[in-house]
Each structure stands twice: as C-alpha cells, then as structure tokens.
Amino acid sequence: MRGLRPMLDIKFVRSKPEVVREALVKRGAKVSLDEFLTLEEQRRVRLMEVEQLKNLRNVVSEEIARLKKAGQNPEELVSNMRHTSLRIKQLDEQVREVEENLQQILLGIPNIPHASVPVGSSEEDNPVLRTWGEPPQFDFTPRPHWEIGESLDILDFTRGVKIAGARFTVYKGLGARLERALINYMLDLHTEKHGYQEIFPPFMVNRQCMVGTGQLPKFEEDMFHVDKTDYFLVPTAEVPVTNLFRDEILEDNQLPIKLTAYTACFRAEAGAAGRDTRGLIRQHQFNKVELVKFTRPEDSYAELERLTADAEEVLKGLGLPYRVVALCTADIGFSSAKTYDLEVWLPSFNTYREISSCSNFEDFQARRANIRYRPGPKAKPRFVHTLNGSGVAVGRTVAAILENYQQADGSVVIPEALRPYMGGVERIKG
RNA sequence: GGAGAGAUGGCUGAGAUGGUCGAAGGCGCUCGCCUGGAAAGCGAGUAGACGGGCUUAAACCUGUCUCGAGGGUUCGAAUCCCUCUCUCUCCGCCA
C-alpha cells in the first residue's frame, strides 16, 4: 500500500477508538470515527483478498517460466492467469478508492490534546501561567501604534492600501529600520544565545509541504495560492522549515535539531473580516522569526518548555510586558497537542495580545510529512516529534514597542537591546 | 527558452534480446574473530511501507508492494511504451 499517511496511528485508532473519540469531543471537533472504522475494516478485507491473488499470480508466473525453460507449453496456465490478473486489477482499484476515502477522513482528524492541556470551551478558559513585567503607567493618554506610526511618518497605511490593498502596510525610514533591526536582534539572540541554526527558506512552497504541517487540506481558504502554479505563499516559516526533513530518516545523534528562520508570512485572513482592521495587528503580509525543533518523542515536552522560554527571552530583552497562557482544548490549533501563547501588553487595547504561539505537535506533523529518526544503529525508524514557536512576530513587536515606549512628546524610545541594530538611534522623533 | 544526458538500496555502481532481481560488486555501518589496545585482515549481518500469524509486547515467521512519480502492454516489467517531475551538461537570457 502506498500513499496512506495516517495523522493518527491507524492501529491506535482501531484499538482505542474511545480514547480518540473523547479527545475529539474535548476539542469540539466533529469527525465520523465510525465511518473511518468501517472503511478501515473494508480496506483490510480487500487487501487480504488481493494479496492472496497476487501471491497466486507470482507463484504461477514462476511456474510458467520454468515450463518455458523446459520447452513445455504453459498456455493453459497463461490463460488462467489472464482472469486472475483482471480480477487483481479490479480489486486494486477498489482498495485504492477505499484508501482515498480513508485518507480524506484521516487528514481531517485533528491531533489529540496532551493530557496536561486544560479542558475548556473557548479562549476564555485559557489559564494564565505567568506574567512578566508591568504594563507602563502613562501620565498622558497613550495613543494606538497606528497613530504613533503615522505621526512619526514611519508607517504608511494609506499607501499600503494603494499599492496592494487592505491589510498591507508600508514602513518608512526608521520604521523600516526598526522592523529590520528586530529581525536581526531575534535571529542573533536565537543563533548566538539559544543554539539554533539559522535557515533562510523559500517563501513559496508546494502543496505537499502544506499537507505535511497540517495547513491543508482543511485550511486552504486561509492560504494564498499562486495562480497558474501549485505554489503557496508560506503562512509561517514553520511550513518550509519543518518540511526540510520530509521523507527523511534522521540519525539519533542529530537530535534535537533546533532551527530558526526569518520569513515574511502571508495569510488570507478569510473569516477575519472586520477584525483588527487598523494597525499592524492583522496583516496579509507580516514578518516573523520562527523557532522549529525536531526531537525524540521522550524529550518533546521538555523541549517545548525551553522553546517557550527562548521566545520569552525576546520580549524580556526588549522590556515588553507579557504573559504566558496555556491554550485549552477548545483553542489549540488543529495540528497541535499542546500550545502556549505569549501575549504582549498593548496599551491601546488595554490588554494582552498574542505575539507568539509555541506548540508541540508530537508526531502529528512527522506522520504527515514522514519525518523519522533511527533510535539505534539497527533499530526501526520512529517518527520524530516536531515543535515550533514564533520567536516572535515582528509586526506585532513593532506595535508593542511603539505603544509601550511612547513618550508624552509623541516620540518613541528604542529599547536598549535594539539600539546596536538601529545604528545607535535611541529615540524616534517626529 | 533551445539541444542533449540521466534518475536503482545510507552512498557508489552493475543490471543484452522482459522470467528466483528487492536487486551483483565496492564503500560505509553493526556484530564477532584477531590485537595489550587500535589499524589492517577475516567472518556474518545490514532498505522501507502495508497486511496476516504468534505474542501482554517485542523478537520471530509469513504475504504484498516499492528500482524518480503516475499510467499502459504482458501470465510476468528495474528492464518495453506513454505522460509528468526533478537533476546534470552545452547554448541563450537575466538579478
């Protein structure tokens, strides 16, 4: 059998359907497990039948070869096999159809949340794990970042709309410099202090990658698809970077692999109409530095904590107040088994907004993308665990800096850690 | 874009006229012998997926499929035919 890439272990689903069903309910996902189980049974029955016939064909074919070599006439066997071959062709086709149906169901089943994920019914139920820093106190009325950006002439929303459309923004002067400085600051931090290797991937990927990390087939409408090709603009560096090792078997001593990548990210934001229409919070194109890990299964949860801490370092270094929440079962992403969100303080919203999302996908993506490792020299390959997290979203960081570091005179102070990347600029003035 | 060549196991590399080819040889790797220890040498073993049997499980036994991908011819295809993808060389064009 080829091409059947279960997102969940088929044998696991088969033997413990209640566990899967319960997990799906917790998530609020509706998937027909019964249909899956019926199809899977069908598949096995037909597979057995066709394999038996193929065995017969192989044996008889050898016999034919033997007879021919001995100068005898195998015509009777040949004509018998003609029917068998025809039957095999039919059954093969049936198996293929069943597998296709099975695959469609399988691709639509979300990951099973880890036992430690809080059960909840909406984002309201996400517990706050820790808070860092104090929201700044202003003795004036703080302005939202889009006003600050425009008055300092470093963000141009109007022209962004003119040259592209809604949800596109032009950065100018020190605004553009700030964006670039943040990218460099984050990459340097992760490569020099946290031990990640830097990757610079393509910004477009093929369909297989999108299936591998779980964006497809379910969320195609959220993606930008390039007309006349089958390329997709990457919605996050997670896609190209995780797929780096698609269909590969890694060596045990390579693990864990820690990669960081800057990419622009492109999202159609279908279904977000009317939300966050102002400012940098929700754009069709934004920059992000991503962290991606490939680990042994037994290490992945410890690595998730460290990855989250690595992302937090970015905000600590910039002096931006934030908190960490654990996403509940209703709020975690399709592919994720467990997710922490980092939320940065935004004065104009008078609340914390997501700036990073750190997830352990366990073997969900590894199964889809077929990424394995060999635990020992002669051992059978196992699926790795994949993790990733924003480290962090650059546009939202710019928004957070403008708002949290704004001054009464309308200027914005540049966080200390960023100044070397800003050519020594300490403050953006009007 | 034009012309040509190619795609085989971890790597390399054989595979006239279709018939024990899942695939020789070499390298690498693993285990054993040898050694004070190592190297060299010798011996053995080294793909994956999906089923079935046995089992608590693994090991093991067994079947099917996979020689870039998909389709076709045939009783039977790595070998013949078609389509696609990718790689390499030369030319052209560009950042």
Side-chain angles (χ1 to χ4, degrees), chain A residues 1-16 36-103 105-106 200 202-212 226 228-232 240 243-255 297-298 363 366-384:
Chain A
M1 185 186 68
R2 286 147 288 163
L4 193 65
R5 292 259 174 78
M7 290 24 350
L8 299 172
D9 187 342
I10 284 188
K11 286 172 199 153
F12 178 75
V13 180
R14 207 159 66 196
S15 60
K16 300 234 170 69
F36 165 83
L37 292 169
T38 314
L39 280 172
E40 167 59 14
E41 179 61 25
Q42 266 183 45
R43 174 178 151 264
R44 273 160 60 226
V45 169
R46 281 177 206 186
L47 202 56
M48 277 192 276
E49 191 183 346
V50 74
E51 287 192 353
Q52 233 161 36
L53 287 177
K54 282 178 178 173
N55 180 233
L56 176 70
R57 183 179 68 185
N58 289 344
V59 169
V60 174
S61 284
E62 269 178 47
E63 179 63 20
I64 290 170
R66 219 185 339 266
L67 285 177
K68 274 194 156 175
K69 206 171 273 179
Q72 292 177 294
N73 187 358
E75 185 46 46
E76 195 178 332
L77 290 178
V78 170
S79 73
N80 277 344
M81 281 304 102
R82 258 192 271 275
H83 301 297
T84 307
S85 252
L86 216 64
R87 179 73 185 137
I88 287 174
K89 204 168 275 187
Q90 289 169 347
L91 282 171
D92 265 343
E93 176 62 18
Q94 284 179 23
V95 170
R96 200 191 58 74
E97 269 173 37
V98 171
E99 286 186 352
E100 208 160 275
N101 290 336
L102 219 38
Q103 181 78 322
I105 296 177
L106 243 18
F200 190 78
F203 287 11
M204 288 192 258
V205 294
N206 56 37
R207 184 170 287 274
Q208 231 180 324
C209 287
M210 299 290 274
V211 173
V226 181
K228 297 193 183 80
T229 74
D230 205 14
Y231 294 133
F232 291 85
N243 277 281
L244 240 28
F245 300 116
R246 177 155 46 91
D247 293 319
E248 291 192 30
I249 299 176
L250 303 165
E251 293 306 322
D252 183 70
N253 60 21
Q254 289 179 265
L255 301 176
E298 60 271 27
D363 64 6
R367 283 178 186 281
R368 290 186 163 229
N370 196 27
I371 308 168
R372 292 171 296 172
Y373 79 107
R374 207 179 290 280
K378 295 183 78 175
K380 272 186 69 165
R382 296 175 66 194
F383 290 110
V384 299

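These numbers come from the heavy atoms of this one structure, side chains and all, not from hydrogens, waters or symmetry mates. Note that the structure is a prediction, hence the values are computed from the model and not measured.
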Does a distance-only test, which skips hydrogens and angles, find a donor-acceptor pair under 3.5 Å between the side chain of A:K380 and the base of B:G48?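 No, the side chain and the base share no sub-3.5 Å donor-acceptor pair.
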
Given the structure, check if the side chain of A:E62 and the base of B:G19 hold any donor-acceptor pair shorter than 3.5 Å. no

Using purine N1 to pyrimidine N3 plus N6-O4 or O6-N4 for Watson-Crick, or N1-O2 and O6-N3 for G-U wobble, both under 3.5 Å, which nucleotide pairs with [N]?
| N | answer |
| --- | --- |
| B:G25 | B:U12 |
| B:A44 | B:U30 |
| B:A39 | none |
| B:C86 | B:G6 |
| B:G92 | none |
| B:C60 | B:G53 |
| B:U20 | none |

May I ask you to evaluate whether [X] reaches the phosphate of [N], defined as a side-chain N or O under 4.0 Å from OP1 or OP2?
| X | N | answer |
| --- | --- | --- |
| A:R44 | B:C50 | no |
| A:R82 | B:U74 | no |
| A:S85 | B:G76 | yes |
| A:K89 | B:G71 | no |
| A:R57 | B:U74 | no |
| A:R66 | B:U20 | no |
| A:N58 | B:U20 | no |
| A:N55 | B:U64 | yes |

For atom [atom1], what is the distance between [N] and [M], given to the nearest Å?
| N | M | atom1 | result |
| --- | --- | --- | --- |
| B:G22 | B:A47 | C1' | 9 Å |
| B:G10 | B:A23 | P | 14 Å |
| B:U17 | B:A7 | P | 15 Å |
| B:U46 | B:G37 | C1' | 27 Å |
| B:A40 | B:C31 | P | 15 Å |
| B:C27 | B:C88 | P | 29 Å |
| B:G76 | B:C86 | C1' | 30 Å |
| B:G9 | B:G70 | P | 15 Å |

Give me the one residue out of A:E99, A:Q94, A:E100 that meets side-chain hydrogen bond (donor to acceptor under 3.5 Å, both in side chains) with A:R96. A:E100

Hey, are the side chains of [X] and [Y] touching, using non-hydrogen atoms and a 4.5 Å cut-off?
| X | Y | value |
| --- | --- | --- |
| A:R87 | A:Q90 | yes |
| A:E93 | A:E97 | yes |
| A:N243 | A:V205 | no |

Among [options], find the nucleotide with the atom closest to the side chain of [X].
| X | options | value |
| --- | --- | --- |
| A:S61 | B:C75, B:G48, B:G51 | B:C75 |
| A:K54 | B:C65, B:A47, B:G51 | B:C65 |
| A:K68 | B:C75, B:G51, B:A49 | B:C75 |

Straight-line distance of A:E51 CD to A:N58 CG, nearest 0.5 Å: 11.0 Å

When the distance from [atom1] of [X] to [atom2] of [N] is rounded to whole Å, what number comes out?
| X | N | atom1 | atom2 | result |
| --- | --- | --- | --- | --- |
| A:E99 | B:U66 | CD | C1' | 14 Å |
| A:R96 | B:C50 | CZ | C1' | 17 Å |
| A:L67 | B:G76 | CG | P | 16 Å |
| A:E49 | B:C50 | CD | C1' | 17 Å |
| A:I249 | B:G10 | CD1 | C1' | 9 Å |
| A:Q208 | B:U85 | CD | P | 15 Å |
| A:L77 | B:U74 | CG | P | 18 Å |
| A:N253 | B:G10 | CG | C1' | 14 Å |

A:R82/A:E75 salt bridge by N-O under 4.0 Å criterion: yes

Hey, is A:E63 close enough to A:R66 for a salt bridge, meaning N to O under 4.0 Å?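 Answer for the salt bridge query: yes.
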
Along RNA chain B (nearest heavy atom to each residue), the more 5'-positioned of A:M81 and A:A65: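 Upstream on the strand: A:A65.
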
On RNA chain B, check which nucleotide each of A:V59 and A:K69 is closest to and give me the residue with the more 5' one. A:K69

Minimum heavy-atom distance A:I371-A:F245, with the two atoms named: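 In this case the closest contact between A:I371 and A:F245 is CG1-O, 3.5 Å.
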
Answer with base, sugar-phosphate or nothing: what part of the nucleic acid does A:R46 contact at a heavy-atom distance below 4.0 Å?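 Contact class for A:R46: none.
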
Base, sugar-phosphate, or nothing: which does A:P74 touch, judged by heavy atoms less than 4.0 Å apart?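 A:P74: no heavy atom of the nucleic acid under 4.0 Å.
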
